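Remarks on the structure that follows.
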Amino acid sequence: MKLWSQFFIPTLKESPADAEIASHKLLVRAGLVRKLAGGLYTYMPLGLRVIHKLTQMCREELDSAGAIELWMPHVHPVELWQQGPRWAAAREIMFRADSAGDGKRGGREPEWVLGPTHEEIITPLVKAEITSYRDLPKNFYQIATKFRNEIRPRYGLMRAREFIMMDAYSFDATDEGATKSYHAMKRAYEAFFRRIGAQSIAVEADTGVMGGSFSHEFMVPAEVGDDDVIYCEESGYAANREKATSAIVPANWTDAAPGAAVEEFATPGVVTIAALEAAPYSVPGDRQFKTLVFVGDSKLFLVILRGSDELEEAKLGSLGFTVFRPATPEEIEPVMGAKPGSLGAVRGTIKDAPALAGVFADHAIRLVGEGTTGANRDGFHLRNVNVTRDLAITKFGDFRRVRPGEPDVQSGKPLQVRRGIEVGHIFKLGTKYSEKFGAQYTDDQKQTQLMVMGCYGIGISRTMQAIIEQRHDADGIVWPWNSAPFQVLICVLDPQVPEAMALARQLGAAAESAGADVLIDDRAERPGVKFKDADLIGIPLRLTIGGKGLKEGIFELKWRTQKDIAKVPVAEGEARVVAEVNSARQAAAV
RNA sequence: CGGGGUGUAGCUUAGCCUGGUAGAGCGCCUGGUUUGGGACCAGGAGGUCGCAGGUUCGAAUCCUGUCGCCCCGACCA
């Protein structure tokens with residue numbers, strides 16, 4: 001039981017000027033956080049209580065899924081990162097940590113970095129400690145601070161330079177075992193997000209720089225989120241836009257039979273899909289082939305899309321290049337024989353075809369059947385280009401960005417899109433890190449094998465803000481029971497009246513005995529101030545004790561989520577409060 | 001890193017265009033009246049106008065540089 005007057009909850013009437021979105025404003029107004037600098041926040045006492053609630057529930061769910069908690073350093077020797085598989089990609093967002101001294105200690109400082117995540121630390125540790133299949137599988141986790149020098153921190157805790165994250169790492173003897181561990185974690189995540197009272201959905205996701213074979217993101221639906229989720233209510237399909245696919249090419253689709261011969265025609269100055277759509281050419285975008293040139297591991301490769309489609313660059317990750325980027329016009333011309341805008345992949349028209357690492361075509365170009373594309377000769381295009389007859393395609397794949405309204409693969413119903421905040425991510429990593437760091441074990445046949453890894457993250461501090469974004473109204477935060485900093489707020493309107501405070505303590509003790517955390521507002525403030533603050537900080541259950549009610553022998557009971565106020569006779573007070581707390585706890589239990 | 005914006009008291013801000021005593025509301029302190037949805041009255045404290053340089057008799061205001069912050073983009077484990 002805490003007394004407000006002896007705690008510290010600095011609430012604000014006005015929103016800070018630098019906050020843009022509701023949850024960020026409320027975090028500050030309700031006294032949960034204060035900013036030190038961009039992306040760096042102090043967790044104030046009330047905010048820290050929420051963090052503790054979330055970490056405790058996270059810990060419990062992971063423990064019951066068999067994960068084991070440990071704690072790793074956050075200052076890392078840079079050598080470990082240089083040894084790892086993603087130094088080149090990760091170093092840009094990593095903070096360097098060296099001495100702030102004036103150099104008088106002499107010699108060069110060793111290089112240290114602050115940990116953005118811990119694959120590079122846990123894998124060598126497990127390599128050193130585990131050598132037998134008998135010690136596998138193992139899943140280690142920690143709940144700790146992470147450091148990422150984000151290019152653009154924003155929206156308060158949503159994207160911060162320093163944040164609190166649960167990160168877990170599983171090590172299995174076999175690929176099947178790793179898949180099992182992955183699904184166990186997925187279930188633990190689902191239990192966690194249900195329990196904290198956040199509506200979240202697991203969506204298929206791209207593995208990005210992490211690498212690995214498959215991945216799910218956990219998204220809290222919110223307009224201010226950074227990610228687009230493509231989903232189908234009918235089938236339950238949900239995927240990040242980077243990963244999403246649709247049934248735009250029907251399963252029974254037959255490719256167009258070759259028709260008229262390929263014919264070159266002059267298109268002076270036409271270098272865009274749109275220009276070719278316009279008169280006098282009037283070739284619709286979905287009758288054109290779009291040819292994009294990339295550099296993958298220092299060789300050029302082509303990507304062919306429908307003219308009306310957009311490339312989803314993340315999907316090129318499936319091609320297996322370690323790094324890739326769009327090619328420059330200077331790189332393109334010597335190989336293709338033309339500048340961008342007149343490019344195509346018709347057999348025999350590419351100047352130096354052997355120089356290409358491949359021609360990768362999106363499935364949807366089959367819908368074009370026979371269409372128009374660049375002639376690899378500046379100012380000319382080719383028509384009557386048949387997909388099967390004329391294009392020099394190495395491999396078909398899924399490279400286009402899905403659009404809402406396209407049919408879902410399973411149900412055929414139109415796909416929908418909504419924004420979401422990514423609060424968790426799970427990856428089946430495979431052996432990418434165990435190979436690099438030599439994390440091996442001996443199996444029961446005396447054979448040396450690589451461990452198969454998974455890694456898992458939950459942004460705890462971001463989750464706190466995501467809950468607020470999802471659960472607030474015009475007056476303030478509306479905390480779910482389990483995540484609330486306190487579950488019960490007792491507003492004592494006349495704290496100078498001894499009977500009022502005595503009743504507050506009595507009801508508070510009853511609520512505590514039933515398992516609630518209790519805050520008593522004993523400040524010498526006017527009632528209006530107390531009610532406004534109560535709504536702002538959003539404690540689920542409010543008990544109001546006033547001098548007038550006390551004379552009638554009643555106090556008031558109100559839920560933050562409801563408008564109506566119940567008058568409860570003091571004599572029945574303890575029993576009623578216990579009953580309310582119990583039913584709330586049951587409703588919030590998973 | 002590119003584009004846009006912004007920096008004035010603990011917070012929200014006016015003043016800047018057109019240079020001439022730095023103003024308000026909230027909050028804070030003292031006293032009084034109030035007391036069920038952010039009270040009222042009186043008095044008071046708090047600002048080298050982000051920082052540095054320049055122009056000028058004179059700069060919060062104009063110019064240059066610099067730093068911080070916010071938004072959009074790029075990026076994003």
Side-chain angles (χ1 to χ4, degrees), chain A residues 10-21 24-25 28-29 31 34-40 81 84-94 115-120 146-156 158-161 163 165 167 169 205-212 215 217 224-227 240 242 313-314 317 325-326 421-422 424-427 429 432-433 455-459 462 474-476 491-497 500 521 523-536 542 544-552 554-556 558 563 565 567:
Chain A
T11 58
L12 299 174
K13 280 188 190 174
E14 285 172 297
S15 295
D18 58 9
E20 188 80 4
I21 64 172
H24 185 191
K25 291 176 181 170
V28 179
R29 285 191 57 209
R34 285 292 183 265
K35 183 166 79 172
L36 172 66
L40 299 173
W81 280 86
R86 55 177 172 162
W87 169 240
R91 62 184 302 179
E92 286 307 315
I93 58 133
M94 290 172 66
T117 168
H118 281 68
E119 284 80 2
E120 277 76 356
K146 293 282 171 284
F147 302 89
R148 297 183 190 180
N149 194 4
E150 292 287 350
I151 300 167
R152 183 148 93 87
R154 63 169 150 178
Y155 295 159
M158 211 69 108
R159 188 183 304 175
R161 289 195 162 101
F163 57 97
M165 175 167 150
D167 49 319
Y169 309 90
D206 185 68
T207 51
V209 180
M210 290 301 305
S215 163
E217 283 172 352
V224 298
D226 273 348
D227 296 272
N240 190 300
E242 294 182 348
E313 214 171 299
R325 59 171 172 82
I421 301 165
E422 181 191 344
H425 206 157
I426 57 179
F427 297 88
L429 277 178
K432 181 174 173 178
Y433 290 84
C455 71
Y456 316 88
I458 292 177
R462 178 186 282 186
D475 296 315
C491 277
V492 184
L493 300 184
D494 304 287
Q496 75 286 358
V497 176
D521 186 353
R523 294 173 300 166
E525 290 286 352
R526 293 164 57 85
V529 173
K530 295 191 172 208
F531 291 138
K532 287 288 184 189
D533 273 347
D535 287 343
L536 179 60
R542 188 181 89 194
T544 306
I545 299 171
K548 287 177 187 169
L550 223 45
K551 280 176 194 153
E552 300 168 32
I554 58 114
F555 65 92
E556 289 167 5
K558 179 185 177 300
K563 275 271 166 269
I565 296 171
K567 295 194 174 186

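Chain A is the first sequence line, chain B the second, and so forth, proteins listed ahead of strands; every chain is numbered from 1. The structure presented is a predicted model; accordingly, all values stated were derived computationally and were not measured.
The separation between A:Glu150 atom CD and B:A77 atom P is 9 Å, rounded to whole Å. Atom pair A:Ile151:CD1 and B:G3:P shows a separation of 16 Å (rounding to whole Å applied).
Within 4.0 Å of A:Asp226, counting heavy atoms only, lies no atom of the nucleic acid at all. Contact annotation for A:Tyr456: no contact, since no heavy-atom pair falls under 4.0 Å across all strands. Counting non-hydrogen atoms under 4.0 angstrom, A:Arg34 reaches nothing in the nucleic acid.
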For the pair A:Asp494 and A:Lys548, evaluate salt bridge (charged side-chain N to carboxylate O under 4.0 Å, His left out) and give the outcome as yes or no after the intermediate values. CA-CA 10 Å; A:Asp494 304 287; A:Lys548 287 177 187 169; over 6 Å; no
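Distances shorter than 4.0 Å separate some side-chain N or O of A:Lys548 from OP1 or OP2 on B:G36. Proximity of A:Lys530 to the phosphate of B:G37: no side-chain N or O atom is located under 4.0 Å from OP1 or OP2. Put simply, A:Arg152 has no side-chain N or O that comes within less than 4.0 Å of OP1 or OP2 on B:C1.
Among the duplex regions that RNA chain B forms, those built from at least three successive Watson-Crick or G-U pairs under 3.5 Å are B:1-7 with B:67-73, B:10-13 with B:23-26, B:28-33 with B:39-44, B:50-54 with B:62-66, ordered by first number.
Comparing the same atom, C1', in B:A14 and in B:C1 gives a spacing of 35 Å after rounding to whole Å.
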Protein heavy-atom contacts under 4.0 Å, written 5' to 3' over nucleotides 28-34 of chain B as B (base), S (sugar-phosphate only) or - (none), form the string ------B
